[in-house]
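Here the structure comes first, spelled out in structure tokens, and everything after it is commentary.
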Amino acid sequence: MQAIINGIILLPEGEIRDKALLFDEKIIDIVSPAAIDQAEIIDAQGAYVCPGLIDVHTHGYQGADVSDADPDGVRKIAKGFLQNGVTSFLPTTMTVDWAILEKVFTQLRQLKKESRKADFDGAEILGCHAEGPFINPSKKGAQAESAILAPTAEKVLPFADVIQVITFAPEMPGGDDFIRTMKEKTRIALSIGHTGATFDQAMHAIELGASRTTHTFNAMTPLHHRDPGVVGAALSTDVYTELIADTFHVNKGIFPLMRKAKGDRLVLITDSVRATGMPDGEYTLGGQAFRLRGIECRMEDGTIAGSVLKLNEAVRNYRDFGHVPMYAAVRAASLTAAESVHLAERKGSLMPGKDADIVLLNERCDVLRTIVRGKTKHQR
């Protein structure tokens, strides 16, 4: 048993001081320090004691990309994420040839099991976020149009055990039947994105069972007072909404509005690509070239191609520019993220019985220690 003392413990609805967090592989309890008996002590020295961060939309890191179909690349991403306070994540595929996606899904099925082993050197792999290929060519962004397919449940069902989220365009032919089959036969979270849907089409998809929107504002119909678009549907319903809080994809002035409109339905993501943690230069995403300059990733025609955001930076940006308390910013990158992909029963908060995924952050949101299921895997 271990105990973290002298920290500010962050819960989903507030913070606790002058208490200790007890854990082994699972969270045991929050107690008075005087009640600790025979535990290994970790002194937080005033740092925030947070649930581990969960990135449910990330394509790559430090030169590796999930769609490369290279298991060692995914392992590299998992290890690198520890320094950002990420204790679990959903490797996210691009719209590439279906044969490649099948290979990636099969690999991730095995990596998901591997990452649960005590000696795995990285954040836990929770499954997969399939961003496409069932998207609208008019809103493809940096996705490959040649690989786009109509929504087809039969292609997805064999991988329902590994796919946790699918980003799709509900207005495409077969969209309604796709939603109905997914809701009937799987627990996959359906996320509206890369879509040209009207407000009415988006609302219809939500009524049928879509429960999320992907990198909200980006690659979807915008908010307009005569046609509210997918953004209007996202802001006016209780669906979970992803936000890339890098201040580039979405202006920081929108962050307070998002907090007021979405509350605990806002999910911080990175949408990070292989250029994350790398110097400016030329890279690829889903086989397509882009250039990194500062925090901007753009293809030759100017199309935005993912981000180089780290999830602890997203927490800081949302806290500072959204004017939200630290516990709320952390919730958006932990419990709300887990809820949005149906994994909150064991992830996302420091409640007794959940996996002991813990991160210590200082006031600048620098990561001091990352603990995955009770084992310290990164320490500054």
Side-chain angles (χ1 to χ4, degrees), residues 1-55 78-89 118 121-124 245 268 270 277 309-338 347-380:
M1 183 173 65
Q2 300 178 73
I4 300 177
I5 63 171
N6 295 329
I8 304 168
I9 300 173
L10 299 187
L11 300 180
E13 306 303 330
E15 61 181 45
I16 296 177
R17 297 171 185 260
D18 302 320
K19 296 289 186 179
L21 179 68
L22 294 181
F23 64 95
D24 45 31
E25 291 185 2
K26 302 284 187 180
I27 301 297
I28 297 173
D29 204 357
I30 296 173
V31 301
S32 167
I36 298 173
D37 183 34
Q38 294 183 334
E40 178 186 342
I41 301 298
I42 298 172
D43 190 342
Q45 298 181 334
Y48 291 105
V49 182
C50 314
L53 306 184
I54 305 171
D55 197 342
K79 182 175 182 178
F81 276 174
L82 295 173
Q83 62 191 334
N84 306 333
V86 173
T87 55
S88 57
F89 70 110
D121 188 14
E124 183 179 346
L268 293 177
T270 63
L309 182 66
K310 299 173 183 177
L311 199 52
N312 59 315
E313 296 172 344
V315 169
R316 184 189 64 220
N317 289 344
Y318 183 50
R319 178 196 66 187
D320 293 350
F321 301 126
H323 311 300
V324 301
M326 184 67 170
Y327 72 83
V330 168
R331 189 195 206 281
S334 54
L335 181 58
T336 308
K347 298 290 184 182
S349 71
L350 301 177
M351 301 301 292
K354 290 197 178 186
D355 288 348
D357 294 343
I358 306 162
V359 58
L360 301 188
L361 300 176
N362 65 17
E363 186 65 28
R364 297 183 301 276
C365 292
D366 300 322
V367 176
L368 308 179
R369 183 188 291 248
T370 304
I371 300 169
V372 180
R373 296 191 313 281
K375 182 179 179 181
T376 294
K377 294 195 174 184
H378 169 76
Q379 190 168 356
R380 189 177 181 185

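Heavy-atom basis, side chains included; hydrogens, waters and symmetry copies ignored. The chain is numbered in sequence order, starting from 1.
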Distance from [X] atom [atom1] to [Y] atom [atom2], nearest 0.5 Å?
X	Y	atom1	atom2	value
Gln2	Ile358	CD	CD1	8.0 Å
Cys50	Asp357	SG	CG	12.5 Å
Leu21	Leu350	CG	CG	5.5 Å
Thr270	Leu309	OG1	CG	6.0 Å
Met1	Asp37	CE	CG	7.0 Å
Asn84	Leu82	CG	CG	8.5 Å

>> Heavy-atom count check: over 12 atoms from other residues, nucleotides or ligands less than 6.0 Å from Asn362 CG?
In response: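 Atom CG in Asn362 is crowded, with more than 12 foreign heavy atoms closer than 6.0 Å.
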
Which atom names give the shortest non-hydrogen contact between [X] and [Y], and what distance separates them?
X	Y	result
Gly122	Val372	O-CG2, 4.4 Å
Ser334	Gly52	CB-O, 3.6 Å
Pro12	Tyr327	O-CD1, 3.5 Å
Tyr48	Glu363	OH-OE1, 3.0 Å

Evaluate the side-chain proximity of [Y] to [X]: yes if any heavy-atom separation is below 4.5 Å, no if none is.
X	Y	answer
Val49	Leu10	no
Pro51	Val330	yes
Leu368	Gln379	no
Ile54	Lys347	yes
Tyr318	Val324	yes
Ile5	Ile42	no
Ile41	Ile4	no

> Met326 and Cys365: side-chain contact (heavy atoms from CB on, under 4.5 Å), yes or no, with the steps?
Replying inline: CA-CA 10 Å; Met326 184 67 170; Cys365 292; 3.5 Å; yes

Listed pairs under 3.5 Å, donor-acceptor, residues 23-30 side chains, sequence neighbours left out:
| residue | atom | partner | partner atom | Å |
| --- | --- | --- | --- | --- |
| Asp24 | OD1 | Lys26 | N | 3.0 |
| Lys26 | NZ | Asp355 | OD1 | 2.6 |

Sidechain-backbone polar pair: [X] side chain, [Y] backbone, donor-acceptor under 3.5 Å:
X	Y	result
Asn6	Asp43	no
Thr376	His378	no
Asn317	Ala245	yes

> Does the pair Lys377/Asp121 count as a salt bridge with the N-to-O cut at 4.0 Å?
Replying inline: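 Asp121 and Lys377: not salt-bridged.
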
>> Applying side-chain contact (heavy atoms from CB on, under 4.5 Å) to Ile371 and Val359, what does each step give before you reach the verdict?
In response: CA-CA 6 Å; Ile371 300 169; Val359 58; over 6 Å; no

>> Test side-chain contact (heavy atoms from CB on, under 4.5 Å) on Leu268 and Thr336; report intermediate values, then the result.
In response: CA-CA 9 Å; Leu268 293 177; Thr336 308; over 6 Å; no

> Does the side chain of Ser349 pick up a donor-acceptor pair with the side chain of Lys354 at under 3.5 Å?
Replying inline: yes

> Mind checking what makes side chain to side chain contact (heavy atoms under 4.5 Å, CB included) contact with Arg17, not counting sequence neighbours?
Replying inline: Ile8, Glu15

>> Does Glu124 form a side-chain contact (heavy atoms from CB on, under 4.5 Å) with Phe89? I'd like the steps, not just the answer.
In response: CA-CA 6 Å; Glu124 183 179 346; Phe89 70 110; over 6 Å; no

